[in-house]
Structure formats: structure tokens, C-alpha cells
A.B. asks: 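This is the structure I want to talk about, given as C-alpha cells.
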Amino acid sequence: MNQSERITPRTLKGFRDYPPEVMIPRERLIDTARRVYCSYGFSPIDTPALEYLEILVGKGGEETDKQLYKFQDHGGRSVGLRFDLTVPLARFAAQHINRLGTPLKHYHIATVWRGENTQRGRYREFMQCDFDTIGTLSTAADIETALVIHDLLCAIGFSEFTIRINNRMVLTGLLERLDLADQATTVLRALDKLSKIGPDRVAEEMIATAKATEEQARQILRLSKISGTHDQVLKQIEPLVAQSATGAAGVTKLKEVVDGVQAAGIPQQRVVLDVSIARGLDYYTGTVFETFLDTLPEIGSICSGGRYDDLAELYTKRKLPGVGASLGLDRLLAAMEELGMVEKVATSAEVFIPYFDPDRLHDYLKLAAAIRAAGIDVELFPEPKKLGQQLKYADRRGHRIALIAGPDEFNTATCQVKNLATATQQDVPMEPDAASIIAAVKEILQQHPK
RNA sequence: GUGGCUGUAGCUCAGCCGGUUAGAGCACUGGAUUGUGGUUCCAGGGGUCGGGGGUUCGAGUCCCCUCAGCCACCCCA
């Protein structure tokens with residue numbers, strides 16, 4: 001082919017290829033998320049990547065609409081790629097609730113698309129792992145959401161992280177009292193930046209964009225000075241929202257959530273009441289969560305969510321309150337990569353069989369089949385190269401055990417079981433069903449678990 | 001979407017005021033070692049210098065456009 005005709009292989013901005021060393025930890029993470037979600041009784045769902053545009057538009061606020069990938073399909077329909085998994089879930093719930101009943105406990109692990117500018121841990125195509133409880137107003141579901149986030153991060157292998165919790169009603173109550181309720185979104189957006197830009201600039205922004213007075217801004221920022229134990233924080237918030245029924249209810253809910261979380265046995269320091277977190281998305285109405293890694297806070301929240309009691313009302317008359325959260329799989333992976341938590345292996349098969357004796361292909365195939373039948377992943381090298389080269393390949397790919405059998409071994413009906421990590425090996429009898437070999441392999445895998 | 005920085009081998013980078021055949025380390029392939037990997041030694045392959053256009057006798061180097069990455073804003077997982 002002429003060089004000028006050749007197409008440059010490339011990927012779009014914010015879209016990535018996933019080679020094995022990326023996919024293996026990625027799939028492990030997905031497995032972990034599945035396991036934790038299932039352990040709380042959540043069951044899997046999926047929805048289409050493409051939705052009618054009207055389903056997606058106007059749910060997360062102006063900014064999210066700008067980031068939506070939208071176009072006309074072949075039939076002239078206005079369509080869009082899903083921006084998150086919460087909006088499709090709300091549609092799903094509204095559409096199927098009569099058949100499924102409540103409460104609905106679902107998890108949804110899938111790709112979403114946002115046409116925004118890229119940055120580290122921030123892509124245009126990325127995967128979210130959502131779990132949601134639909135159809136109950138009970139605070140038990142809010143508490144459980146925090147517990148799932150906690151268990152999930154522990155299961156992934158984190159010990160130093162902080163789940164920040166707030167309730168939007170607290171903020172709404174305060175804004176009502178200050179007669180700023182109609183500016184809620186802009187005020188909350190500004191407040192959300194508190195940890196990043198500091199109180200002075202938040203105040204400036206509130207005055208500029210939300211038309212707040214200096215006194216109003218000062219009142220709101222009193223929240224930011226609140227700190228201490230859960231009880232201390234709650235005591236300080238109470239008087240600020242006392243005149244507002246909404247605010248008082250928010251404080252009560254907040255207390256119920258932290259009490260429940262504590263009762264479930266979660267270490268206090270991992271859960272922080274932070275009245276400044278507001279979440280950008282417009283649809284949150286109650287409890288909100290953000291989760292930060294203490295060792296890498298600058299990457300942003302890696303698991304966020306909250307209660308959205310009115311989202312499904314856009315699709316159904318029926319009241320369908322929901323609460324849930326979303327693990328940002330790709331952002332978390334970027335963080336783990338940076339923290340050196342991602343082991344670089346190119347294979348998940350523990351056992352490697354070198355193609356040693358060129359005349360014994362069938363014996364190797366049989367051996368591999370017997371080991372696979374025992375539930376152990378095994379790779380047979382495809383060509384009878386020099387043994388040293390094959391072992392080098394096995395070492396590089398991250399196999400853990402090599403089963404070496406050449407003419408000598410076949411003559412004595414044995415097989416060398418070699419532990420690649422410790423460079424030790426043992427001769428094991430090779431039976432037709434490979435029982436002794438399988439036993440030896442299992443023993444090594446047990447002694448040196450991953 | 002706006003602004004800034006960056007782009008040379010698979011990776012990390014060097015390459016002077018534009019000058020002839022574009023370098024290093026690591027990685028890769030082969031050999032030393034015709035049956036044993038992660039150490040060592042030797043050899044080799046691999047680049048139209050992100051892409052396109054311009055200035056120039058001459059461009060990796062200067063200018064413009066474009067694509068991509070990073071950073072800030074914005075927003076968020």
C-alpha cells in the first residue's frame with residue numbers, strides 16, 4: 001500500500017486504548033465492586049449507551065447539557081450518549097417500576113461519555129460503577145450507601161480515605177433563612193469550591209454570581225468554620241438553620257446517617273461531616289457524599305453520590321425517591337497507578353507450560369487441559385523455542401508457575417513444577433489425570449497467594 | 001469551551017547560534033549458554049523528530065495551522 005493512503009492509527013482526545021496491563025487491574029476492580037454490591041443485595045442492570053436526547057437533557061444542570069454528546073441518528077431522531085448512569089437509571093425505574101416493585105436495589109457498571117476538556121484522571125469516555133436504592137425515603141438506605149462506599153474502598157485495598165457527608169437540606173434551610181433560596185444552585189456551586197479556593201474567594205463569587213450581599217455570604221461561610229466530632233458539628237449547625245423546617249430536618253437526617261454509620265462499626269475518622277460539600281449536579285436533594293483518598297486528595301472525589309428524591313418525577317407521576325453513589329473507576333485507577341498500587345502483569349494465568357520437546361505437543365495440550373479442568377488458568381507457549389527464552393517470556397508476563405517437561409521427564413513420567421518467584425522446583429509424577437501436578441500447583445498458589 | 005506549557009525510538013530523555021548519515025539509557029530480538037527466567041557481556045532491529053503548510057541554499061531546531069497530553073479556569077468520577 002502507498003504510504004500516503006495509509007491511515008494514521010490514533011484515538012480521539014479523551015478516549016483511550018486499554019492494553020492488558022491496564023485491563024487486568026481494571027477488571028479486578030470491577031470484580032471487587034460487583035462482589036461488594038452483591039454483598040448488600042444489589043443486583044445488576046444495564047441500559048443503552050444511546051438515549052433519546054429528551055431523556056438526558058436538563059437533568060444535571062446547564063453545564064452537563066453542554067458536555068452531552070448529541071447528534072441525529074439515521075432515522076433523524078435526536079439522541080445522546082449517556083452522561084452518567086443516574087439519569088438512565090431514573091428512566092429505567094420509571095419505565096419498569098410496576099413490574100419490579102420497590103425498593104429497587106440495582107448496580108450498574110458501564111461506560112459514560114462527557115465532551116469536556118481532559119486532564120489527569122479525567123477522560124471523555126470513562127467507566128462508572130453505580131449502585132442505587134430506588135423507592136424508599138428511609139434513611140437506612142442513605143446509611144447503607146455510605147457503608148457500601150466504605151466496604152468497597154476497603155475491599156480494593158485502601159485504608160486511608162475519607163467519606164465526606166452533608167445534607168443539601170441543611171444548606172437549603174440556611175439559604176431559605178437568608179432569603180437566597182432562588183439562588184441555591186449558584187451559591188452551592190461557589191460553596192463547593194471552599195476547600196480549593198478558600199472562604200474569601202468563595203464569598204467574592206457568591207456576591208458576584210449569586211447576587212448575595214456581603215452579610216449573606218458571611219452567614220453562609222460561618223458553616224465553613226464548623227469542625228470537630230460529629231456531635232460537635234451538629235451542635236454548631238443547629239442554630240444556623242433553626243428557623244427553617246427544611247434545615248432542621250436536614251440536621252436530623254444528617255445525625256441519623258452518621259449515627260447509623262457509626263453503629264455499623266465504621267471508624268470515626270473515615271467519615272467526616274462537611275457542610276461545605278454540595279455536589280455540582282442539580283438533582284441531589286438530601287444526603288450527599290464525596291470520597292477522597294487521604295494520600296492523593298488532589299485527584300478529586302473518586303466516589304460520589306447522594307439522594308435524589310425528585311429525579312424520576314420527570315418520567316412518571318409516581319414518587320420514586322432514590323439514593324446511591326458512583327465509583328469513578330478510571331479516576332480511581334489513575335490514582336492507584338500514581339500510588340504504585342497497580343501491579344504490572346500482562347497475564348492472569350498462573351501456570352505456564354513451555355513448548356519444550358517439539359514432538360510432544362499433544363502431551364502438552366493434554367496436560368494443559370487437565371489443569372484447566374481443575375480450575376487453574378494455564379498458558380501453553382505456541383512454539384518450541386529455546387527453554388530459556390520461553391522462561392524469560394513467562395517471567396516477563398507474570399506467570400507464577402512453569403511446568404517443565406522435556407525428553408528426560410517424559411522418559412521417567414515426571415514433570416518439573418517450578419515456582420518462578422522463588423526459583424525453586426520439584427519433580428512430580430506425571431499421571432494421565434495430572435493429579436499430582438495439580439496438587440503441587442495448588443500448594444504453591446496457596447503458600448504464596450497474590 | 002477559554003488560557004498556558006509540552007510533543008524526538010515501545011518508555012525516559014539529549015540534540016548548542018538552523019548545517020551534511022538524528023543519539024543515549026532502559027525495553028525489544030538474537031548470540032555467548034544445542035535443558036532452565038529476573039545478573040553479565042556481545043551483536044542487531046526499530047525514528048519520514050505528532051501531522052500539515054510556510055520561511056530558508058538548508059528545518060528536529062524559526063513561523064502558522066492542526067492533532068494529542070499535561071496544568072489552571074470551568075465542571076466533575
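Throughout, a chain's letter reflects where its sequence line sits, starting with A, and its residues are numbered from 1.
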A.B. asks: Considering every strand shown, what is the Watson-Crick or G-U wobble mate of B:G38 when both distances are under 3.5 Å?
C.D. replies: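 Partner of B:G38: none found under 3.5 Å.
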
A.B. asks: Among A:T287, A:D142, A:N167, A:T139, which residue satisfies the side chain to side chain donor-acceptor pair (under 3.5 Å) criterion with A:K253?
C.D. replies: A:T139

A.B. asks: By a strict heavy-atom criterion of less than 4.0 Å, which residues belonging to residues 380-390 of chain A are in contact with RNA chain B?
C.D. replies: A:K385, A:K386, A:L387, A:G388, A:Q389

A.B. asks: Around atom CD of A:E431, are there more than 12 heavy atoms of other residues, nucleotides or ligands at under 6.0 Å?
C.D. replies: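 Atom CD in A:E431 is packed in, count exceeds 12.
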
A.B. asks: What distance, rounded to whole Å, do you find between the two P atoms, one in B:U61 and one in B:A14?
C.D. replies: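 My reading of the P atoms in B:U61 and B:A14 gives 16 Å.
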
A.B. asks: Answer yes or no: is there an ion pair linking A:D31 with A:R34, defined by an N-O contact shorter than 4.0 Å?
C.D. replies: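 Judged by the 4.0 Å cut-off on N to carboxylate O distance, A:D31 and A:R34 do form a salt bridge.
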
A.B. asks: Give me the distances for all protein-to-nucleotides 2-13 of chain B N/O pairs that come in under 3.5 Å?
C.D. replies:
{"from": "B:U2", "atom 1": "O4", "to": "A:N117", "atom 2": "ND2", "distance (Å)": "2.7"}

A.B. asks: Distance between the C1' atoms of B:A72 and B:C13, in whole angstroms?
C.D. replies: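 Comparing C1' positions in B:A72 and B:C13 gives a spacing of 26 Å.
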
A.B. asks: Partners of A:Y308 by ring pair (Phe, Tyr, Trp, His ring centres under 6.0 Å), sequence neighbours excluded?
C.D. replies: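 Applying ring pair (Phe, Tyr, Trp, His ring centres under 6.0 Å) to A:Y308 gives none.
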
A.B. asks: For A:D433, what residues pass the side chain to side chain donor-acceptor pair (under 3.5 Å) criterion, not counting sequence neighbours?
C.D. replies: none

A.B. asks: Anything under 3.5 Å between a protein N or O and an N or O of nucleotides 38-43 of chain B, put it in a table, one pair a line.
C.D. replies:
{"from": "B:G38", "atom 1": "O4'", "to": "A:D395", "atom 2": "OD2", "distance (Å)": "3.1"}

A.B. asks: With a 3.5 Å cut-off and no angle check, do the side chains of A:Y393 and A:R397 form a donor-acceptor pair?
C.D. replies: yes

A.B. asks: Please classify the nucleic acid contact of A:P407 as base, sugar-phosphate, or nothing, using heavy-atom distances under 4.0 Å.
C.D. replies: base

A.B. asks: Return the CD1 to CG distance between A:I134 and A:D309, rounded to the nearest 0.5 Å.
C.D. replies: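 Going from CD1 on A:I134 over to CG on A:D309, the span is 10.0 Å.
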
A.B. asks: For residues 12-25 of chain A, pull every pair meeting salt bridge (charged side-chain N to carboxylate O under 4.0 Å, His left out), keeping only residues two or more places apart or in separate chains.
C.D. replies: A:R16-A:D330

A.B. asks: Can you tell me how far C1' in B:A9 sits from the matching atom in B:C26, rounded to whole Å?
C.D. replies: 12 Å

A.B. asks: Would you mind pulling out the nucleotide paired to B:A24, Watson-Crick or G-U wobble, both distances under 3.5 Å?
C.D. replies: B:U12

A.B. asks: Roughly how many Å is it from CZ in A:R397 to C1' in B:A27, rounded to a whole number?
C.D. replies: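 So the two atoms are 16 Å apart, to the nearest Å.
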
A.B. asks: Restricting to pairs with a member in residues 184-207 of chain A, which pass ring-ring contact (aromatic ring centres under 6.0 Å, His included), not counting sequence neighbours?
C.D. replies: none

A.B. asks: Would you mind classifying the nucleic acid contact of A:E409 as base, sugar-phosphate or nothing, using non-hydrogen atoms under 4.0 angstrom?
C.D. replies: base

A.B. asks: Using atom CD of A:Q425 as one end and atom C1' of B:U36 as the other, report the distance to the nearest whole Å.
C.D. replies: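 Checked: the CD to C1' distance equals 7 Å.
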
A.B. asks: Can you see which heavy atom on A:H106 is nearest to which on A:I45, and at what distance?
C.D. replies: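 So the minimum-distance heavy-atom pair works out to ND1-CG2, 3.3 Å.
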
A.B. asks: When you compare B:C64 with B:C5, how far apart are their P atoms, in angstrom units rounded to a whole number?
C.D. replies: 11 Å

A.B. asks: Identify the nucleotide, in any strand shown, that forms a Watson-Crick or G-U wobble pair with B:U33, with both distances under 3.5 Å; if there is none, say none.
C.D. replies: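 Looking at the geometry, B:U33 pairs with no nucleotide.
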
A.B. asks: Let's see if you get this right: which residues in residues 320-337 of chain A place a heavy atom under 4.0 Å from RNA chain B?
C.D. replies: A:G328, A:R331

A.B. asks: Within this structure, what is the OH-to-C1' distance between A:Y283 and B:C75, rounded to whole angstrom?
C.D. replies: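 Going from OH in A:Y283 over to C1' in B:C75 covers 13 Å.
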
A.B. asks: Just by distance, with hydrogens left out, do A:T47 and A:R82 show a side-chain donor and acceptor under 3.5 Å apart?
C.D. replies: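 A:T47 vs A:R82: donor-acceptor pair found between side chains.
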
A.B. asks: Please name the pair of heavy atoms, one in A:A146 and one in A:I165, separated by the smallest distance, quoted to 0.1 Å.
C.D. replies: CB-CD1, 4.4 Å

A.B. asks: Is there any salt bridge (charged side-chain N to carboxylate O under 4.0 Å, His left out) pair reaching into residues 151-164 of chain A, and which pairs are they, with sequence neighbours excluded?
C.D. replies: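 For residues 151-164 of chain A: A:R164-A:D274.
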
A.B. asks: Counting the atoms with a prime plus P, OP1 and OP2 as sugar-phosphate, which does A:Y393 contact under 4.0 Å by heavy atoms, base, sugar-phosphate, or nothing?
C.D. replies: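 Here A:Y393 touches no strand at all.
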
A.B. asks: Can you tell me how far P in B:U40 sits from the matching atom in B:G7, rounded to whole Å?
C.D. replies: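 Pairwise P distance, B:U40 against B:G7, rounds to 32 Å.
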
A.B. asks: Examine B:U29: is either OP1 or OP2 under 4.0 Å from a nitrogen or oxygen in the side chain of A:R396? Give yes or no.
C.D. replies: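 Checking A:R396 against B:U29: at least one side-chain N or O falls below 4.0 Å of OP1 or OP2.
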
A.B. asks: Between A:K70 and A:S78, is there a side-chain donor-acceptor contact under 3.5 Å, judged purely by atom types and distance?
C.D. replies: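 There is no such pair (donor and acceptor under 3.5 Å, judged by atom type) between the side chains of A:S78 and A:K70.
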
A.B. asks: Could you tell me how far B:C62 sits from B:G19 if I compare only their P atoms? Round to whole Å.
C.D. replies: 11 Å

A.B. asks: Give me each pair satisfying salt bridge (charged side-chain N to carboxylate O under 4.0 Å, His left out) with a member in residues 117-132 of chain A, each pair once, sequence neighbours excluded.
C.D. replies: A:E116-A:R122, A:R120-A:E338

A.B. asks: So, the side chain of A:Q390 versus the backbone of A:Y355: is there a donor-acceptor pair under 3.5 Å, distance only?
C.D. replies: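 Looks like yes, one N/O pair under 3.5 Å.
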
A.B. asks: What I'd like to find out is whether the side chain of A:F126 reaches to under 4.5 Å of the side chain of A:V112, using heavy atoms alone.
C.D. replies: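 Yes, close enough: below the 4.5 Å cut-off.
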
A.B. asks: Can you check the A:D84 CG to B:C75 P distance for me, whole Å?
C.D. replies: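 Value for this atom pair: 17 Å.
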
A.B. asks: Give A:I404 one of three labels, base, sugar-phosphate or nothing, depending on what nucleic acid heavy atoms sit under 4.0 Å from its own.
C.D. replies: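 It contacts base atoms.
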
A.B. asks: When you match A:K66 and A:M127 each to their closest nucleotide on RNA chain B, which lands nearer the 5' end?
C.D. replies: A:K66

A.B. asks: Which nucleotide, in any strand shown, forms a Watson-Crick or G-U wobble pair with B:C73, with both distances under 3.5 Å?
C.D. replies: B:G1

A.B. asks: With both distances kept under 3.5 Å, what pairs with B:G46, Watson-Crick or G-U wobble?
C.D. replies: none

A.B. asks: Please list all pairs passing the salt bridge (charged side-chain N to carboxylate O under 4.0 Å, His left out) test where one or both residues lie in residues 401-422 of chain A, with sequence neighbours left out.
C.D. replies: none

A.B. asks: Please enumerate all protein N or O atoms sitting under 3.5 Å from an N or O of nucleotides 66-70 of chain B, with distances to 0.1 Å.
C.D. replies:
{"from": "B:A68", "atom 1": "OP1", "to": "A:K13", "atom 2": "N", "distance (Å)": "3.1"}
{"from": "B:G69", "atom 1": "OP1", "to": "A:G14", "atom 2": "N", "distance (Å)": "2.8"}

A.B. asks: In whole Å, what is the span from the CG atom of A:D65 to the P atom of B:C76?
C.D. replies: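 Value for this atom pair: 12 Å.
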
